[in-house]
Amino acid sequence: MADLHSPILSWYAENARDLPWRRPDATPWGILVSEIMLQQTPVVRVLPIWLEWMERWPTPKDLAAQPSGEAVRHWGRLGYPRRALRLHACATAITEEHGGEVPSDHATLLALPGIGEYTAAAVASFAFAGRHAVLDTNVRRVFARAVRAEEYPPTATSAIERRLAESLLPEVGAPTWGVAVMELGALVCTARAPRCADCPIADRCAWRLAGKPPHAGPARKGQTYEGTDRQCRGRLLAVLRNAHGPVPKEALDVVWDDAVQRERALDGLVADGLTEVLDDGTYRLPG
DNA sequence: GAGGCGTGGCA
DNA sequence: TTGCCAAGCCT
């Protein structure tokens, strides 16, 4: 395989976006928050929320001092609000068990709520200059195409992908390499309409050289949303976010017609810790 | 390992 | 218009 490092690193030096969590003054906490917010969520939607969080809660201790419901409220419409809850739990664990400092060790990060394999590697790498393979959807797609001549990576991350990513990890400069490949996947080697004309490794991309064969395996399942419990939960939680105190149940009833589904969704929100029922039967974000 | 979990923009 | 997709994690 022809070398990928030089062209990708050169491309990144010229084309990297100026994102606040990539600047030299970004703290490990800021980087951790950005990684959680960016899970399944585009940069443009994360930016304003991240800036607000950093001003409001510049350290883990600041967030831990607030009720978890405040994290959910200021999550806004980022989606997957359980992430806000887990970030709050993260802040509490960091404050109580790690002296208020974000851990630098991959295994310790992995043990924190809401932090999985990818996020642990990303924080250890980007915040602490650790040498870890960061395998997110962008990196997996770039390698699937450039090396394996496949349009898309498999559904679940495989051992083969991990070995490949680790074998490509430079001895020096692993963090920049990781973010560079991610950026290439995000801006050029995109899922739907890759901009091969702008790609620094187009001349050696196995998938392009093979004539860009379309994805062969089983169709990748798309997720429906209209009419699901998820949509219902989103509407219910939006009511609680926008209220500044407890709301009567009637205020929730009006946002979803199907009573059976509505009750199920509401019970789910309570079970997940995203909603609290008070003694008088009103609802609010966790206080 | 498959399914659940929000939201909005774009091809 | 409507699926598809976006720096995943947890059960």
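Labels below follow one simple rule: chain letters A, B, ... track the order of the sequence lines, proteins then strands, and each chain is numbered from 1.
In this model, a side-chain donor or acceptor of A/Arg45 finds a partner on the base of B/dT7 within 3.5 Å. Looking at A/Thr41, its side chain comes within 3.5 Å of the base of B/dG6 through a donor and an acceptor atom.
Nucleotides B/dG3 and C/dC4, compared at atom P, are 15 Å apart to the nearest Å. For the P atoms, the distance from C/dA7 to B/dC10 is 15 Å, rounded to whole Å. For C/dT11 and B/dG1, the C1' atoms lie 11 Å apart once the distance is rounded to whole Å.
Heavy atoms of other residues, nucleotides or ligands lying less than 6.0 angstrom from CG of A/Asp25 number more than 12.
Counting non-hydrogen atoms under 4.0 angstrom, A/Trp75 reaches nothing in the nucleic acid.
Closest approach to the A/Tyr118 side chain among C/dC5, C/dA7, B/dG6 is made by C/dA7 (side chain taken as heavy atoms from C-beta onward). Distances from the side chain of A/Arg86 to the nucleotides B/dC10, C/dC10, B/dC5 place C/dC10 closest. Checking B/dT7, C/dC9, C/dA7 against every side-chain atom of A/Arg241, the shortest atom distance belongs to B/dT7.
A donor-acceptor contact closer than 3.5 angstrom links the side chains of A/Glu35 and A/Tyr118. Using a 3.5 Å distance cut-off with no hydrogens or angles, the side chains of A/Thr190 and A/Arg141 do not pair a donor with an acceptor.
Taking only side-chain nitrogens and oxygens, A/Arg83 never comes nearer than 4.0 Å to OP1 or OP2 of B/dC5. OP1 or OP2 of C/dG8 sits under 4.0 Å from a side-chain N or O of A/Gln40.
Where A/Gly114 and A/Leu38 meet DNA chain C, the nucleotide closest to each residue was compared, and A/Leu38 sits on the side nearer the 5' end.
Shortest non-hydrogen contact noted between A/Ile31 and A/Phe126 is CD1-O, 3.8 Å.
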